[in-house]
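Below is one structure; the comments refer to it alone.
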Amino acid sequence: SSDTATSFPTAMRGVMPADLLERDARCPFDPAPGLLSRRDGDPVQPLPLANGARAWLVTGFEEARAVLADGRFSNDRIRHPDATQMSAEQAANGYCPVDVPERRDGMFIFMDPPEHTRLRSLLTGQFTVRRMRALESRLREIAVEHIEAMRAAGTSADLVPSYALPLPSLMICELLGVDYADRETFQRNTAVALSSTSSDEDRARAGGELYAFIAGLVAAKRAAPSDDLLSGLVHDADPPLTDAQLIDMTLVLLGAGHETTANNLALGMFALLERPEQLAALRADPSLIDGTVEELLRYCSIIQLGVSRVATEDVAIGGVTIAAGETVVIGTPETNRDPRHWADPDHLDVRRERAPHLAFGHGIHQCLGQQLARAEMRVGVEELVTRMPDLRLAVPADEVPLRNDMLIFGVHALPVTWG
Ligand code: HEM
C-alpha cells in the first residue's frame, strides 16, 4: 500500500473535463471557466466524464449541503466505486481503485458509518484543547523562524518552499511526534510523494519510504509513548488499533493536512497581494484576521472537485433524481460563489460577515483538521503581513505558475520580494 499517500491528489486527473479544473490565468482565484459558466444553470447538473461515465455536478450551496448531510450518499469506494476515480479502461473493466485489502484498515476518509464513526472519533479525541494550544504557540515560532530565515537570505524568495509548505509540514511533525533528526527525510519524502511534478518512479519510491518510516514511527510510539497525538492513538484506543490502521490513519492526516493548507496559504497571500485595498484594510485593523481567513477559504476554494459521493439508493435533490450507483461531485468553488447564497460572491472582502462555507466540506466527513488549518492560515498570514510590510510579487501576476494540473488548486511557486 505504498502508493496510498500519493493517491489523494492524483486520483481524478484525466477523468474530469479540463474546463472544470483549469482556472483562467487572468483571475486564478475564480472557479474554472467551465464551473463559472454553469452557475446560471440548475443547482444539480449532469456531468459527462472523460471515461464515458455519467455523474452529477452540484453547483448550488444548499444542494451541496443537503447531499453531504444525507446518509444515502456513501464515501465508501470499495462498496460503491466512484466514477470519478477511474480511468476509462478501469471503468470498463469494473475496476475499483481502493481494492488493496490493507488500504481498508484505517482509510476512514473512504468509509461510512459505523466504521468511519469509530476511527474518526478516536482521532477527534486526540485533538484536545491543550494539544491545540501547544501546537499554536509552536506554529508562531515556526512562522517567525521561517520569516527570519528568508530575510537573512536576501530580498527575494519563493514563498511556497520557504514558508507556505514548511508550516503545515512541520505542524504535522509536531502532531505525530516526528523527531527533529528525522524531519528532513520525512519532509522530503512527503513533498516528493505528494507532488505533481515528481516522476511516477520518484513518487513510488518516496511513497514506499514514507510508508516504512510511518511503520517505524508507530512501532517507536508503541515501545515508548510521548506526549503526541500518535502516541495517544496507539495507547488510548480501546480496543486497540492495529498497526495497519494506525499507519493508514497517519497517512490520511498527512495526505489531507499537507498540500491543503500550503496551497490555501500561498494562493491566499497571492490574492491579498493582488488586492492591495483588502491587504491595507487588514493591516489597518488586525482584528479582521479571522474573517480574512474564512474569506480566503471561501474565495480560493482550493479543493476543486475533490469532494464526491455515490448514491446508495435513488435520491431526489435539486429537481433531479440521482439513481443508485451514480456519482455526485460537489463543485466546491462554485458553491462557495453561489449568488443565491452569497452577496457579491466574486468579490474578496475581508470585512464580509462570517458565515459557514463549504471549503472544509460538510456533514460527517467535514474536515477534521479545520481548527489546525485555520490556525495555520491565521498565524501564517498574520506574521507575514506584520513582519514583512513591503512584501510584493517579484514577477507579473500572470507569470505565477498555477497548479492547473492538480485537483488541489494553488500555485507551484510564489516569487516575492521585499526591501
Ligand atoms: C477532510 C478541506 C486542512 C485533515 C476534509 C474535507 C475537506 C477538507 C473539503 C472533506 C472531504 C470530504 O467530505 O470528502 C481542507 C482544507 C484545508 C484542510 C481546505 C486547509 C486549508 C486539513 C488539515 C488536516 C486535515 C491541516 C489535518 C492535520 C482532514 C481529515 C479529513 C479531512 C483527516 C477526513 C475527515 C473524515 O473523513 O472524517 N478536509 N482540509 N485537513 N481533512 Fe481537511
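Note that ligands are numbered from 1 as they come in the structure, with each ligand's atoms numbered from 1 the same way.
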Are any of the heavy atoms in Leu297 under 4.0 Å away from ligand 1? yes
Can you tell me how far CG of Leu368 sits from CD1 of Ile109, rounded to the nearest 0.5 angstrom? 9.5 Å
I need the atoms of ligand 1 closer than 4.0 Å to a non-hydrogen atom of Leu372, numbered in the order shown. 28 (C)
Geometric N/O contact Asn264 with ligand 1, under 3.5 angstrom: no
In ligand 1, the atoms that come under 4.0 Å of a heavy atom of Arg120 are 35 (C), 36 (C), 38 (O)
Close approach of Arg374 to ligand 1, heavy atoms, under 4.0 angstrom: no
Pick one of side chain, backbone, both or neither for how Met171 approaches ligand 1, counting any non-hydrogen atom pair under 4.0 Å. neither
Residue Ile109 vicinity, atoms of ligand 1 by number, heavy atom under 4.0 Å: 34 (C), 37 (O)
Examine ligand 1 and decide if any of its atoms is less than 4.0 Å from a heavy atom belonging to Ile364. yes
Please write down residue, atom name and distance for the protein heavy atom closest to atom 11 (C) of ligand 1. Val307 CG2, 4.0 Å
For atom 26 (C) of ligand 1, which candidate among Asn263, Thr261, Leu229 holds the nearest heavy atom? Thr261
Those residues that, when tested against Asp349, pass side-chain hydrogen bond (donor to acceptor under 3.5 Å, both in side chains) (two or more places apart): none
Does the distance from a Lys or Arg side-chain N to an Asp or Glu carboxylate O, for Arg130 and Asp227, drop under 4.0 Å? yes
Looking at Arg387 and Glu383, is there a salt bridge between them, counting it only when a charged N and a carboxylate O are closer than 4.0 Å? yes
Does a side chain donor of either Tyr299 or Arg275 reach within less than 3.5 Å of an acceptor in the other side chain? yes
How many protein N, O or S atoms sit closer than 2.8 Å to atom 43 (Fe) of ligand 1? 1
Is Glu294 salt-bridged to Arg374, going by a charged N under 4.0 Å from an acidic O? yes
Identify whether the distance between the nearest side-chain nitrogen and carboxylate oxygen of Arg65 and Glu62 falls below 4.0 Å. yes
Scan side-chain atoms only and decide if Asp76 and Ser74 contain a donor-acceptor pair under the 3.5 Å cut-off. no
Ligand-residue contact atoms, ligand 1 with Ala359, heavy atoms, under 4.0 Å: 2 (C), 9 (C), 19 (C)
Numbering as shown, the atoms of ligand 1 that approach Ile303 to under 4.0 Å (heavy-atom distance): 2 (C)
For the residue pair Leu241 and Leu119, establish whether any side-chain heavy-atom pair is separated by less than 4.5 Å. yes
Fit a plane to each ring of His116 and His365, take the angle between them on a 0 to 90° scale, and name the class: parallel (under 30°), tilted (30 to 60°) or perpendicular (over 60°). tilted
among protein heavy atoms, the one nearest atom 10 (C) of ligand 1 is His365 O, 3.5 Å
Check this for me, if you would: do Asp346 and Arg337 make a salt bridge, where the nitrogen-to-carboxylate-oxygen distance has to be below 4.0 angstrom? yes
Under 6.0 Å from the ring centre and within 45 degrees of the ring axis: does the NZ or CZ of Arg183 meet both conditions for the six-membered ring of Tyr180? yes
With a 4.5 Å heavy-atom cut-off, do Val310 and Thr312 have their side chains touching? no
Nearest heavy atom to atom 13 (O) of ligand 1: which of Arg309, Gln366, His362 does it belong to? Arg309
